[in-house]
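Input: a single structure, listed below in C-alpha cells.
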Amino acid sequence: MRIDKFLWSTRYFKTRNQATEACKKGHIRVNDAVSKPSRDVFPGDKLTVRKNQINYELEILDLPPSRVGAKLVDIYRKDTTPKEAFEHSDLLKYSREYYRKKGTGRPTKKDRRDIDDYKDEGEDTSWN
C-alpha cells in the first residue's frame, strides 16, 4: 500500500492530498528515510510523521483494506510517540497564548497603560 494512502486510511490526514503534500515536503519518514508519496509500506515498517509540530512515531502492524473508523485504527498501527513530544506542544501552546496576534486591532486600555508605565520608567522627570 502507498504511504499516502496508508496515512489517509488510518486517519492521520483528512484527505489523501494532504498526506501527499506532507510526503512531498519531507514530513514523512519510513525507516528513517524521507519518502515519496508513492512509496510502498509493509507491516513492520516504522514511520515518523511530523504534524502540528509533533513527531509521531508509528509502527505498521497491518494494512487496512480502505479507510477505517477511528475505533479500528489501533488494529493497523502501534503509536510509540514519546510523551515528551506532547508536553513540548503544550509548552508551545501556552507561549503562543501570551502574545497578541498580529493584526488584532488597536491596543486595549490595559496595553496602553502598560506602554505609558514603561515610558515613564525610562524618563528622568527632574528638570530642575
Side-chain angles (χ1 to χ4, degrees):
M1 175 180 276
R2 291 171 53 116
I3 182 69
D4 60 346
K5 189 172 182 181
F6 177 80
L7 292 170
W8 167 75
S9 63
T10 54
R11 299 186 170 267
Y12 275 92
F13 292 97
K14 204 172 209 180
T15 64
R16 195 163 158 195
N17 189 32
Q18 289 175 346
T20 302
E21 288 298 318
C23 289
K24 287 180 182 177
K25 291 180 182 177
H27 296 290
I28 312 298
R29 293 178 167 266
V30 178
N31 297 327
D32 294 328
V34 177
S35 68
K36 293 181 178 180
S38 61
R39 163 121 189 226
D40 286 335
V41 292
F42 304 98
D45 284 346
K46 297 190 184 312
L47 303 179
T48 305
V49 179
R50 180 147 177 93
K51 184 177 176 192
N52 298 331
Q53 296 184 342
I54 297 175
N55 288 330
Y56 295 96
E57 295 176 11
L58 314 170
E59 183 178 345
I60 299 175
L61 300 176
D62 198 10
L63 299 176
S66 63
R67 190 165 168 95
V68 295
K71 293 180 180 179
L72 302 176
V73 169
D74 290 335
I75 297 171
Y76 301 105
R77 59 103 175 129
K78 180 180 177 185
D79 194 354
T80 58
T81 306
K83 292 181 181 177
E84 293 84 28
F86 296 109
E87 292 170 359
H88 179 68
S89 70
D90 289 340
L91 291 174
L92 287 174
K93 181 176 70 170
Y94 289 129
S95 67
R96 273 189 236 127
E97 290 175 359
Y98 178 72
Y99 297 104
R100 290 182 60 204
K101 298 205 183 314
K102 184 177 179 181
T104 55
R106 295 171 36 183
T108 63
K109 188 181 275 189
K110 183 183 181 326
D111 292 338
R112 183 182 53 79
R113 288 180 180 154
D114 289 342
I115 292 169
D116 290 343
D117 290 342
Y118 178 74
K119 286 182 179 178
D120 289 343
E121 288 176 5
E123 292 178 5
D124 185 17
T125 56
S126 59
W127 290 42
N128 297 333

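Numbers here are sequence positions counted from 1.
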Any idea which heavy atoms bring [X] and [Y] closest together, and the distance?
X     : Y     : value
Leu58 : Arg77 : CD2-CD, 4.1 Å
Ile3  : Val30 : CD1-CG2, 4.0 Å
Tyr56 : Thr81 : CA-OG1, 3.3 Å
Arg2  : Arg16 : NE-NH2, 3.3 Å

Item to check | Stepwise side chain to side chain contact (heavy atoms under 4.5 Å, CB included) check, Tyr76 with Asp62 | outcome: CA-CA 5 Å; Tyr76 301 105; Asp62 198 10; 3.9 Å; yes

Item to check | Step-by-step side chain to side chain contact (heavy atoms under 4.5 Å, CB included) determination, Val68 to Ile75 | outcome: CA-CA 10 Å; Val68 295; Ile75 297 171; over 6 Å; no

Checklist entry - Going by an N to O cut-off under 4.0 Å, is there a salt bridge joining Arg112 and Asp116? => result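 Here Arg112 pairs with Asp116 in a salt bridge, since their nearest N and O are under 4.0 Å apart.
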
Checklist entry - So does Lys78 have more than 12 non-hydrogen atoms from other groups sitting under 6.0 Å from NZ? => result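 No, because the 6.0 Å sphere around NZ of Lys78 holds 12 heavy atoms or fewer from other groups.
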
Test your reading of the model: is there a side-chain donor-acceptor pair from [X] to the backbone of [Y], 3.5 Å cut-off?
X      : Y      : result
Asn52  : Ile54  : no
Asn31  : Lys46  : yes
Thr80  : Glu57  : yes
Asp111 : Thr108 : yes

Item to check | Derivation and outcome, side chain to side chain contact (heavy atoms under 4.5 Å, CB included), residues Met1 and Ser9 | outcome: CA-CA 10 Å; Met1 175 180 276; Ser9 63; 4.2 Å; yes

Item to check | Asp4/Ile28 under side chain to side chain contact (heavy atoms under 4.5 Å, CB included): CA gap, chis, key distance, verdict | outcome: CA-CA 9 Å; Asp4 60 346; Ile28 312 298; over 6 Å; no

Checklist entry - Does a donor on one side chain and an acceptor on the other come within less than 3.5 Å for Asn17 and Thr15? => result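 Distance-only check fails for Asn17 and Thr15.
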
Next on the checklist: Which Ile, Leu, Val, Met, Phe, Trp or Tyr residues join Phe42 in one cluster when any pair of side-chain heavy atoms under 4.5 Å counts as a link?
Outcome noted: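 Taking Ile, Leu, Val, Met, Phe, Trp and Tyr as members, Phe42 stands alone, with no cluster partners.
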
